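Below is one structure, written out as structure tokens; comments come after it.
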Protein chains: 2
Amino acid sequence: MTYRIDRLGTLLQDASRRLWGRFEHRTADYGLSAAQWRLMGHLLREGPMTQIALAALLDVEPISVSRLTDRMEQQGWLRREAHPEDRRARIVVATAKACEVAPTVRALVDGLYDQALSGLSDEERRVLHRALLKITENLQAAEAQPSSSETPK
Amino acid sequence: MTYRIDRLGTLLQDASRRLWGRFEHRTADYGLSAAQWRLMGHLLREGPMTQIALAALLDVEPISVSRLTDRMEQQGWLRREAHPEDRRARIVVATAKACEVAPTVRALVDGLYDQALSGLSDEERRVLHRALLKITENLQAAEAQPSSSETPK
DNA sequence: TATTGTTATACTCTATAACTATA
DNA sequence: TATAGTTATAGAGTATAACAATA
């Protein structure tokens, strides 16, 4: 374990920003931002759910989901329906408009991933995949259990 | 090349956000944001340079550098000095305050990277490093030469 | 004419705090 | 008391457009 990746933070951010930048550039015609697509992706993948559930998946505060869904609902990408059992809660549902566009966007994303990963072998891709999951997992654990150099409340 | 990483965008963003989030959490006492540290990192690494040069390194618009350096200068992290040859331009220089804190922050970053990469072998780290560089490179090339599915001006 | 950097303005995303309605 | 969601407000980051000063 002597190999420390220099500027890991910059590398990760650059790759992420460029990928999302390309995505946003290509999907500009649809009128959804990257953050909104990210929410929509979870919604299409997991099905209708409450805003609290969405906030957990997106790892943001509920108020942020409130803001995102506000605009998306206005533009007809989703609806907020009453929860059948809990009158406080609302179920967020993707509209037909979203479901129609989804396959096109998914194909676009697939093409973008191919482009991004061009020149990397299957084995390298597997390692990359595993490494990214591991990093997130490690940092998640670090958040749950702060190190001694930090000051837990 | 049959292995396509599912949700590559989400994986990259999650890893990046968590890493920068941890970084910001640990450096909160210094009063610089993640974006400001990113700028400072380039400045310390490459030495004094114009705002245009910084904008190119950070891959943002000059106006964004203007905003960042405004606040950083007010807080005493850098100075904007006159360019000796070009009176339009200004050279951005890190102050002693920044240079003093730098080693501490660098050590903190190294520790954070160790934490993030924990459980990954040297070989896996090398592959990760190469893969991240390759992704950025691929997407950079894509920006320079848009695909047929896009509409170049 | 082109470049460096700014001001004015605006947008998105995100968050804290205080609140309503409901559980 | 706790939870789902909101309003009010604010901040960071980024951007376009118009402009100034200089090359």
Side-chain angles (χ1 to χ4, degrees), chain A residues 13-14 16-18 20-21 23-25 27-28 30-40 42 48-75 77-93 153, chain B residues 13-14 16-18 20-21 23-25 27-28 30-40 42 48-75 77-93 153:
Chain A
Q13 194 178 41
D14 280 356
S16 177
R17 282 179 62 216
R18 274 185 202 281
W20 281 99
F23 173 77
E24 207 154 21
H25 181 251
T27 57
Y30 298 117
L32 282 180
S33 71
Q36 291 170 336
W37 276 117
R38 200 168 144 245
L39 187 153
M40 182 57 77
H42 283 293
M49 68 185 91
T50 65
Q51 296 185 193
I52 292 291
L54 272 171
L57 281 178
L58 294 168
D59 195 27
V60 297
E61 297 300 316
I63 179 62
S64 300
V65 174
S66 220
R67 286 289 134 77
L68 286 171
T69 48
D70 266 1
R71 273 179 291 222
M72 294 172 78
E73 188 170 31
Q74 278 170 17
Q75 293 165 24
W77 294 103
L78 50 80
R79 285 191 311 278
R80 283 183 279 198
E81 302 183 347
H83 192 294
E85 288 157 20
D86 186 340
R87 294 204 307 191
R88 296 170 306 179
R90 306 167 78 172
I91 307 286
V92 182
V93 185
K153 276 178 194 166
Chain B
Q13 195 179 38
D14 280 356
S16 177
R17 282 178 62 215
R18 276 185 200 279
W20 281 99
F23 173 76
E24 207 154 21
H25 181 250
T27 58
Y30 298 117
L32 281 181
S33 70
Q36 291 171 335
W37 275 118
R38 199 167 147 246
L39 187 153
M40 183 57 76
H42 283 294
M49 68 185 90
T50 64
Q51 296 186 190
I52 291 292
L54 273 171
L57 281 178
L58 295 168
D59 195 28
V60 297
E61 298 300 315
I63 181 62
S64 299
V65 174
S66 219
R67 286 289 135 76
L68 285 170
T69 48
D70 266 1
R71 272 178 291 217
M72 294 171 77
E73 189 170 31
Q74 279 171 15
Q75 293 165 23
W77 295 102
L78 50 80
R79 284 190 313 278
R80 283 183 278 197
E81 303 183 347
H83 192 294
E85 289 158 17
D86 185 340
R87 293 204 305 190
R88 294 169 310 177
R90 306 165 79 174
I91 306 287
V92 182
V93 185
K153 278 178 189 163

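The figures here come from the full heavy-atom set of this structure, side chains too, leaving out hydrogens, waters and symmetry mates. Source: prediction; values computed, not measured. Order of the sequence lines fixes the chain letters, A, B, ..., with proteins taken first and strands second; residue numbering starts at 1 for each chain.
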(request) With sequence neighbours left out, write down each residue that passes side-chain hydrogen bond (donor to acceptor under 3.5 Å, both in side chains) with A:Arg87, or none if nothing qualifies. (result) none

For residues 61-69 of chain A, which side-chain N or O atoms pair as donor and acceptor with protein atoms under 3.5 Å away, sequence neighbours left out?
unit_1	atom_1	unit_2	atom_2	d
A:Thr69	OG1	A:Val65	O	2.6
A:Thr69	OG1	A:Ser66	O	3.0
A:Thr69	OG1	A:Arg80	NH1	3.2

(request) Determine the contact category for B:Arg67: base if any of its heavy atoms lies under 4.0 Å from a base atom, sugar-phosphate if only primed atoms, P, OP1 or OP2 are that close, otherwise nothing. (result) base

(request) Using a 4.0 Å heavy-atom cut-off across all strands, classify B:Arg17 as base, sugar-phosphate, or nothing. (result) nothing

Under the rule for salt bridge (Lys or Arg N to Asp or Glu O under 4.0 Å), what residues qualify as partners of [X], not counting sequence neighbours?
X: B:Glu81; result: B:Arg79
X: B:Arg71; result: none
X: B:Arg17; result: none
X: A:Arg18; result: B:Asp59, B:Glu143

(request) Specify the residues of residues 51-58 of chain A, ordered by number, for which at least one heavy atom lies under 4.0 angstrom from an atom of DNA chain C. (result) none

(request) For B:Ser33, enumerate each residue passing the side-chain contact (heavy atoms from CB on, under 4.5 Å) test, keeping only those at least two apart in sequence or located in another chain. (result) B:Glu24, B:Ala35, B:Gln36

(message) Within the 4.5 Å heavy-atom criterion, are A:Val92 and A:Met72 side-chain neighbours or not?
(response) no

Nucleotides 16-23 of chain D: which of its N/O atoms have a protein N/O under 3.5 Å away?
unit_1	atom_1	unit_2	atom_2	d
D:dA23	OP1	B:Arg87	N	2.9

(request) Just compare C:dT6, C:dT14, D:dG5 and give me whichever is closest to any side-chain atom of A:Leu68. (result) C:dT14

(message) Check the phosphate of D:dG13 against B:Ser33, side-chain N and O only, distance under 4.0 Å to OP1 or OP2. Yes or no?
(response) yes

(message) Please tell me if A:Ser64 has a side-chain N or O lying less than 4.0 Å from either OP1 or OP2 of C:dA15.
(response) yes

